[in-house]
Amino acid sequence: MKIIQGRASGPSDKRSATFTGDVWADPVLAPTDGVTINHVMFTPGARTHWHSHSRGQVLVVTSGEGRAGDDAGEVRAIRAGDVVLFEPGERHWHGAAPESFMAHLAISIGEHDWQEPVEDADYTKAPS
């Protein structure tokens, strides 16, 4: 058994280099055995850049409404209670809906490959 103590007190980390809009992240689990967990909060319209994870990623939406898109051009609505699974190496993005805040736990497995920002035309596609 391994118990890892919760996050140290201190301010949330405002993210900018790999996000569009205002995004904050609170680390839940620092990189441990190739797994990282962050509680990420997005303001309306904020989103990640395109990226992938060598061993996949799981999102657990904790509040609000968001969007998730993949390299095939599919954009899906995600809401509180939804769980999203991105396969290893799957190029994707995720963030808040245009008029809603959204928060999720991001469970990232393996290495990140951060890429270019998501174009507005891709982000604003009607979700299925």
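All residue numbers in this chain count up from 1 along the given sequence. All values reported here derive from a predicted model rather than from experimental measurement.
- Note: the hydrophobic cluster containing V58 also contains L105 (ILVMFWY, side chain heavy atoms under 4.5 Å, direct or indirect links).
- For residues 35-64, the salt bridge (Lys or Arg N to Asp or Glu O under 4.0 Å) pairs, not counting sequence neighbours, are R47-D120.
- Qualifying side-chain hydrogen bond (donor to acceptor under 3.5 Å, both in side chains) partners for H94, counting only residues two or more places apart in sequence or in other chains: H51, Q57, H104.
- Evaluation of the ring pair (Phe, Tyr, Trp, His ring centres under 6.0 Å) rule for H112 yields H53, W114 as partners, not counting sequence neighbours.
- Partners of H39 under the ring pair (Phe, Tyr, Trp, His ring centres under 6.0 Å) rule, at least two apart in sequence or in another chain, do not exist in this structure.
- Judged by distance alone, with hydrogens and angles left aside, the side-chain atoms of D122 form no donor-acceptor pair with the main-chain N or O of K125 at under 3.5 Å.
- Partners of D22 by salt bridge (Lys or Arg N to Asp or Glu O under 4.0 Å), not counting sequence neighbours, listed by chain and number: K14.
- Under the 4.5 Å side-chain heavy-atom criterion for ILVMFWY residues, a single connected hydrophobic cluster contains both L59 and V23.
- When hydrophobic clusters are built by joining Ile, Leu, Val, Met, Phe, Trp and Tyr residues whose side-chain heavy atoms come closer than 4.5 Å, directly or via intermediates, V40 is not grouped with I107.
- Counting only distance, with no hydrogens or angles, the side chain of D70 and the backbone of A72 share a donor-acceptor pair below 3.5 Å.
- Between the CG atom of D26 and the CD1 atom of I37 there is a distance of 13.5 Å, given to the nearest 0.5 Å.
- I78 and V60 fall into different hydrophobic clusters, defined by Ile, Leu, Val, Met, Phe, Trp and Tyr side-chain heavy atoms under 4.5 Å apart, directly or through other members.
- Side chains of E119 and T124 form no contact here, defined as non-hydrogen atoms less than 4.5 Å apart.
- Under the rule for a side chain to side chain contact (heavy atoms under 4.5 Å, CB included), the partners of S63 that lie at least two apart in sequence or sit in another chain are A103.
- Shown here are the side-chain hydrogen bond (donor to acceptor under 3.5 Å, both in side chains) partners of R91, two or more places apart in sequence or in another chain: D71, Q115, E116.
- Here CD of E87 is found 12.5 Å from OG of S52. Values are rounded to the nearest 0.5 Å.
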Could you give the side-chain donor-acceptor pairs of residues 27-36 under 3.5 Å, partners two or more places apart or in another chain?
residue	atom	partner	partner atom	Å
T32	OG1	A30	O	2.8
D33	OD2	K2	NZ	3.4

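- Here V75 sits in one hydrophobic cluster together with W50, W93, V118, Y123; the rule is ILVMFWY side chains under 4.5 Å apart, joined directly or through other members.
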Derivation of the side chain to side chain contact (heavy atoms under 4.5 Å, CB included) call for H49 and T20: CA-CA 7 Å; H49 289 188; T20 298; 3.9 Å; yes

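- Residues that satisfy the salt bridge (Lys or Arg N to Asp or Glu O under 4.0 Å) test with E74, not counting sequence neighbours, are R76.
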Worked check of side chain to side chain contact (heavy atoms under 4.5 Å, CB included) between F19 and F42: CA-CA 10 Å; F19 294 84; F42 297 82; 4.0 Å; yes

